[in-house]
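Working notes, structure below.
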Amino acid sequence: MSGWSSPHLLGMRGLAREAIEAVLELAARRRPHAEAQAPPLGLLAGRTVANLFFEPSTRTRTSFTLAARRLGAEVIDYAVAAGSTVKGESTVDTARNIVAMGVDALVVRSAHAGTPVLLARHVDAAILNAGDGAHEHPTQALLDLFTLREIFGEVRGLQVLIVGDIGASRVARSNLWALRTMGAEVTLCGPPTLVPRAFEALGARVAHRLEPELERADAVMLLRIQHERHRAGAIPSVREYARLFGMTAERAARLRPGAIIMHPGPIHRGVELMPEVADGERSVVLRQARNGVAIRMAVLELCLEARRRG
Ligand code: ASP
């Protein structure tokens, strides 16, 4: 398990290439168990993982749960709406109380950037960031790397085009760090209101027109407009956005042979991705979802092992 030493997974920023390699390699080995082609493993038997989700989730929560179970851990779900956070308890206090009952790892999703870092400082458990505000979503970036590597063999040198609400997207940020560390070229595309030029300072190209970018991309990642992170009225027109930046069948036909379409979900069909492309032959969206289980098995195992070693 060389390459990985932290009991936490807080973000992709600053994560060394060797650490990323350790996750990808272990995920590849865990894959048969992730897909239930092989029996569950007992590697985390006796350990307890708690899901602490303060924002909605479909894929991330389900796959963390499956991942923990397929490693033999026990999983509990903290139901935010029914818990004491709504009575004014702080996130740190909630987390400390849950951990006091014998929980080893907290999988945390929060609307606030920095919550996982705060918990890692103040709570005695492995902390896995399942998305914090517009900041990071590291396991999404890891499963995207895994998917790219599976399809192209190598991430280095790939041209990855990320289209959408980049400024408000934790998926874009985590992927930018991860892809740059692994040697891919990243272009961020969308209207200037959603894709600030400031991203160039982080090592990405910024493009405000989609058409000229289509022919050079190996992978196009479409992202949803993060309505929950915008003030009402901040997005002028969804229809206009779809017309200028939506991935239509005509646009997909102009991609290179072999180029793929990615999306972390949830897809807004007819806005950033048209149904015929989402379900078309270039689309790998279900493969991304499937790969999420193996990746989350790997990070749970690596973090809990690092925690055990102290
Ligand atoms: N599911 C991803 C996230 O939680 C992407 C999205 O919601 O648009 O960030």
Side-chain angles (χ1 to χ4, degrees), residues 9-13 51-67 77-78 80 106-117 127-148 160-179 186 188-191 193-195 199 219-231 234-235 238 241-242 245-247 261-275 277-278 283-293 295-296 299:
L9 172 63
L10 303 175
M12 297 308 294
R13 185 177 192 171
N51 287 326
L52 202 59
F53 279 58
F54 297 96
E55 274 195 335
S57 171
T58 304
R59 284 148 288 267
T60 306
R61 186 184 192 129
T62 310
S63 59
F64 261 115
T65 301
L66 286 171
D77 270 303
Y78 170 72
V80 173
L106 289 177
V107 178
V108 185
R109 171 167 288 189
S110 164
H112 306 291
T115 299
V117 173
I127 305 294
L128 294 105
N129 183 358
D132 60 330
H135 180 227
E136 285 241 28
H137 191 353
T139 53
Q140 179 68 48
L142 288 164
L143 74 88
D144 289 337
L145 287 179
F146 189 84
T147 306
L148 286 167
V160 181
L161 175 62
I162 309 182
V163 187
D165 186 1
I166 308 297
S169 170
R170 54 195 178 206
V171 175
R173 276 189 185 70
S174 284
N175 260 301
L176 177 57
W177 301 123
L179 288 163
V186 181
L188 304 173
C189 180
T193 44
L194 302 184
V195 188
F199 275 95
V220 187
M221 194 180 289
L222 286 320
L223 300 179
R224 178 180 69 88
I225 296 175
Q226 307 283 296
H227 291 286
E228 69 273 39
R229 302 195 208 291
H230 292 285
R231 281 171 296 107
I235 304 294
V238 171
Y241 177 84
F245 295 100
M247 184 52 73
I261 299 284
M262 306 176 83
H263 196 304
I267 296 173
H268 280 177
R269 287 171 179 254
V271 182
E272 72 274 10
L273 189 53
M274 304 309 136
V277 186
S283 170
V284 299
V285 297
L286 295 180
R287 193 156 167 173
Q288 289 172 270
R290 191 167 68 226
N291 286 341
V293 182
I295 281 294
R296 287 164 180 132
V299 296

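As the structure lists them, so they are numbered: ligands from 1, and atoms in each ligand from 1. Quick caveat, the model's predicted, so the values are computed rather than measured.
In this structure, of Glu228, Arg224, His137, His227, the residue bringing a heavy atom nearest to atom 8 (O) of ligand 1 is Arg224. When Ala134, Ser57, Gly265, Pro56 are ranked by how near their heavy atoms come to atom 5 (C) of ligand 1, first place goes to Gly265.
Looking at His230 and Asp165, their side chains do bring a donor and an acceptor atom within 3.5 Å of each other. Thr139 and Arg296 form a side-chain donor-acceptor contact under 3.5 Å, judged by distance and modelled atom types alone.
When each atom of ligand 1 is checked for a heavy atom of Val171 under 4.0 Å away, the hits are 2 (C), 5 (C), 9 (O). Set against the non-hydrogen atoms of Pro266, the atoms of ligand 1 under 4.0 Å away are 1 (N), 6 (C), 7 (O).
When heavy-atom distances to ligand 1 are checked against a 4.0 Å cut-off, Gln140 has no atom that comes that close, whether in backbone or side chain. With a heavy-atom cut-off of 4.0 Å, Gln226 touches ligand 1 through its side chain alone. At a heavy-atom cutoff of 4.0 Å, ligand 1 is contacted by the side chain of Arg109 but not by its backbone.
By the 4.5 Å heavy-atom criterion applied to side chains, Ile127 and Leu10 are counted as neighbours. No side-chain heavy atom of Cys189 sits under 4.5 Å from any side-chain heavy atom of Val195.
No donor-acceptor pair under 3.5 Å is formed between the side chain of Arg173 and the backbone N or O of His135.
Here the closest non-hydrogen pair linking Met262 and Ala219 is SD-CB, 4.2 Å.
For atom 9 (O) of ligand 1, the closest non-hydrogen atom on the protein side is Arg170 NE, 2.8 Å.
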